[in-house]
Undergrad: 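Submitted below is the structure of interest, expressed as structure tokens.
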Amino acid sequence: MTGTARLDPASRAAALRRMRAEPVDVVVIGGGVTGAGVALDAATRGLSVALLEARDLAAGTSSRSSKLIHGGLRYLEQLNGALVREALRERSLLLETIAPHLVRAIPFLLPLTHHGWERAYIGSGVLLYDTLGQGIGRIAPRTGGDSGAPRSGGVPLHRHLTRKAALREFPSLRPDALVGAIQYWDGQVDDARHTMFVARTAARYGALVATSAQVTGLVREGDRVAGVRVRDLENGVDLEVRAAQTINAAGVWTDDIQAMVGGRGRLSVRASKGVHIVVPRDRIHGSTGLILRTEKSVLFVIPWGSHWIVGTTDTEWNLDLAHPAASSADISYLLDTVNRVLRTPLTTEDITGVYAGLRPLLAGESEDTSQLSREHAVVSPVAGLTMVAGGKYTTYRVMAADAVDAATAGMSRAVPPSCTDRVPLLGADGYPALWNAREGLARASGLHVAWVEHLLHRYGTLTEEVLALVADRAELGRPLRGAPKYLAVEAVYAASHEGALHLEDVLTRRTRISIETADRGLEAAPQVAELIAPVLGWSPATVGREIDHYRARVTAELESQRQADDHTADAARLGAPDVRPVVREGRGAAAPA
């Protein structure tokens, strides 16, 4: 069964109509990367699927990660080789087969601070990291040339550097902060865009996808779960979606879904808050990422286009789940930690963006969230309901396959095994060839080749759809006011093809304007709202409300970042209302997807 890969208001309305009218094999709760992965896995096995998300695709954890596709080098130190090997296999698949247009290899520098033993100790770990990866995917030789070009293999081997060589790679490092370094490679991704592409690919294979669709309860037939009750948050209409199997992939809201079955879930998930700051690229001079060991974990300094991402924290969070807030204490910790090794310290004035996300960790005996499991678990607490939780972004596909395996084990008909390790996401097929033709695309479109490369990295072969919009309306080929790293067409395409229903969806997830501009996207907001209004059928009054909401959100986030602790930061962030009228329950948290 195939469907449209275009996510727009019309396809959303059609999906909801079909969900109401026809039972499906599988209904998935949650539009993060795991839920989208479950929908894709089930759809590519020939099952009928409905995917429901209360807010926007990747609105929670899946848009607020460190943007890395990695094996987790530090997990080797915890003797968790199985998790590392699994993640490295997924890294190889994403780089080579599944999403070469969205995932690319980037280098990291591991500074050494002790002579002798440390190089041998850390070097042996990095060697094992490479060796595990080498058995999974081809490790490419270190090459020169165009580093932005798609890669045909895995990642280069690590290399040992003297202090002088390390400072050439990262001139902003203080010379007394290291005695040498080891450089290794991992993968990077725009997590929100990748999640959206997974959901669009699921739709391409027939999944019915609806955002702004909040699950408010479970449909029961005796002791069996037979589907879900849903509220359409765009119009307040309630409906039922009947399904043979329900899969909960709600992440940090797992416990809320368990409460719908009387708490009989057998999973305990704790939320760990991770905060990142974003600074302009010219504030730090380096051609490689940086990884610093801290008292509890590690700190990354990650190249991100014209910016750096610095993070992350790892602290328990028991407040609002939908809008975790970064406090001034979180920001100070990140600045203090990174400034220990920088020649020129960063200040709060250098920060263009701050974001906080929640990791859904499987709870154990430890009170320290940094010690809780990054592995995942799948359980079926009652007939018809399967729950998947834990894990890490890199292994979303494995989590999804395990969840669908568990959900379909009791089906009366045979269900094929997972095939998503061989299914490229939309935009991946033919990507190397289109990259090689980028100069021709530039001539035909009238755009500079740098803009075509920018689009190829964000849309892959779907760049041709984006350029078709520019061909029809030449003004869409101009940069956005206040966000000149993006073209106007990208805002339009976000609403017409990528499922964006609100202004903040475009500014925070389809693009990263909200964290990449010093004013958090306030200047760009009016133009973006006007661009997407015709696609979404907005009146002038609606345009005004959307802009007002976004301004209130920015004000609340900035205020929260001035607060000294989690409780006051949370209260400040909640000063801005949700653009979607989500039903809120318990501890100030929003109800699950």
Side-chain angles (χ1 to χ4, degrees), residues 5-6 67 69 90-107 133 136-157 185-191 193-194 196-198 200-201 204 281 287-289 303-306 420-472 474 476-479 485-490 492-494 497-498 510-512:
R6 182 168 179 161
K67 324 301 183 200
I69 298 296
E90 295 306 305
R91 184 189 70 181
S92 179
L93 286 170
L94 284 161
L95 280 165
E96 298 179 38
T97 303
I98 296 173
H101 55 314
L102 302 174
V103 182
R104 57 193 56 90
I106 60 169
I136 295 161
R138 178 169 65 82
I139 294 183
R142 183 175 174 83
T143 59
D146 185 358
S147 61
R151 305 180 68 89
S152 60
V155 300
L157 287 164
W185 293 66
D186 254 323
Q188 183 177 63
V189 68
D190 184 327
D191 48 8
R193 289 198 60 75
H194 171 262
M196 177 271 297
F197 265 93
V198 176
R200 283 191 68 187
T201 308
R204 161 67 180 81
R281 194 65 179 263
S287 59
T288 177
W304 179 255
S306 58
T420 51
D421 59 340
R422 304 183 301 281
V423 176
L425 299 186
L426 289 174
D429 253 352
Y431 175 60
L434 198 61
W435 175 270
N436 291 340
R438 61 194 183 278
E439 292 184 359
L441 285 176
R443 287 192 297 271
S445 66
L447 296 176
H448 191 281
V449 68
W451 277 117
V452 173
E453 291 176 355
H454 161 83
L455 295 175
L456 285 166
H457 281 319
R458 287 171 49 77
Y459 303 92
T461 55
L462 299 189
T463 295
E464 293 175 310
E465 293 183 352
V466 178
L467 293 177
L469 295 178
V470 176
D472 288 341
L476 296 182
R478 301 190 188 111
K485 299 293 183 183
Y486 296 93
L487 295 175
V489 69
E490 297 182 75
V492 174
Y493 189 83
H497 288 73
E498 296 181 339
R510 303 308 182 277
T511 69
R512 294 301 189 159

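FYI, side chains are in, hydrogens and waters are out, and symmetry mates aren't considered; it's all heavy atoms of this structure.
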Undergrad: My understanding is that only residues two or more places apart in sequence, or in another chain, count here; which of them pass side-chain hydrogen bond (donor to acceptor under 3.5 Å, both in side chains) with E498?
TA: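 For E498 the side-chain hydrogen bond (donor to acceptor under 3.5 Å, both in side chains) partners, ignoring immediate neighbours, are R193.
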Undergrad: With sequence neighbours excluded, tell me which residues meet salt bridge (charged side-chain N to carboxylate O under 4.0 Å, His left out) with D191.
TA: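 Once residues adjacent in sequence are excluded, the partners of D191 under the salt bridge (charged side-chain N to carboxylate O under 4.0 Å, His left out) criterion are K67, R512.
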Undergrad: First locate atom CD1 of I106, then atom OG1 of T288, and finally report the distance between them rounded to the nearest 0.5 Å.
TA: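 The distance works out to 8.0 Å.
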Undergrad: Under 30°, 30 to 60°, or over 60°: which ring-plane class applies to Y486 and H454, parallel, tilted or perpendicular?
TA: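 If you compare the ring of Y486 with that of H454, the planes turn out perpendicular.
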Undergrad: Any chance you could measure L469, atom CG, to E464, atom CD, to the nearest 0.5 Å?
TA: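 One finds 12.5 Å between CG of L469 and CD of E464.
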Undergrad: Among R458, H448, R438, whose side-chain hydrogen bond (donor to acceptor under 3.5 Å, both in side chains) with E453 holds?
TA: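 Only one of R458, H448, R438 forms a side-chain hydrogen bond (donor to acceptor under 3.5 Å, both in side chains) with E453, namely R438.
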Undergrad: Any chance you could lay out the side-chain contact (heavy atoms from CB on, under 4.5 Å) test for L487 and V470, step after step, and finish with the verdict?
TA: CA-CA 10 Å; L487 295 175; V470 176; 5.6 Å; no
Undergrad: Any idea which heavy atoms bring K485 and S306 closest together, and the distance?
TA: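 That would be CE-OG, 3.7 Å.
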Undergrad: Looking only at side chains, do Y459 and E490 share a donor and an acceptor under 3.5 Å apart?
TA: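 Indeed, the side chains of Y459 and E490 share at least one donor-acceptor pair under 3.5 Å.
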Undergrad: I'd like to check the ring-ring contact (aromatic ring centres under 6.0 Å, His included) partners of H497; sequence neighbours left out, ordered by chain and number.
TA: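 H497: ring-ring contact (aromatic ring centres under 6.0 Å, His included) contacts with Y493.
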Undergrad: If you look at every heavy atom in T97 and P424, which pair is closest and at what distance?
TA: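 Shortest heavy-atom contact: O-CB, 3.5 Å.
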Undergrad: Which atoms form the tightest heavy-atom contact between Q188 and P303, and what is the distance?
TA: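 Heavy atoms only, the tightest pair is NE2-O, 2.6 Å.
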Undergrad: How far apart are the closest heavy atoms of V155 and L95, and which atoms are they?
TA: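 Result for this residue pair: CG1-CD1, 3.7 Å.
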Undergrad: Between L426 and A5, what is the shortest heavy-atom contact and its length?
TA: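 Closest pair (atom of L426, atom of A5, distance): CD1-CB, 3.4 Å.
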Undergrad: Run the side-chain hydrogen bond (donor to acceptor under 3.5 Å, both in side chains) test against R281 and tell me which residues pass, sequence neighbours left out.
TA: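 Scan of R281 (side-chain hydrogen bond (donor to acceptor under 3.5 Å, both in side chains), adjacent residues dropped) gives none.
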Undergrad: How close do G460 and Y431 get, heavy atom to heavy atom, and via which atoms?
TA: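 Between these two residues, the closest heavy atoms are CA-CD1, 3.9 Å.
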Undergrad: Just to verify, what does L441 make a side chain to side chain contact (heavy atoms under 4.5 Å, CB included) with, not counting sequence neighbours?
TA: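 L441 satisfies side chain to side chain contact (heavy atoms under 4.5 Å, CB included) with L434, V452, L467 only.
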Undergrad: Mind checking side chain to side chain contact (heavy atoms under 4.5 Å, CB included) for A99 and listing every partner two or more places apart, or none if nothing turns up?
TA: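 Residues passing side chain to side chain contact (heavy atoms under 4.5 Å, CB included) with A99: L94, H101, L102, V103, H194, L425.
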Undergrad: To the nearest 0.5 Å, what is the distance between CD1 (I98) and CZ (R91)?
TA: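 So the CD1 of I98 and the CZ of R91 are separated by 14.0 Å.
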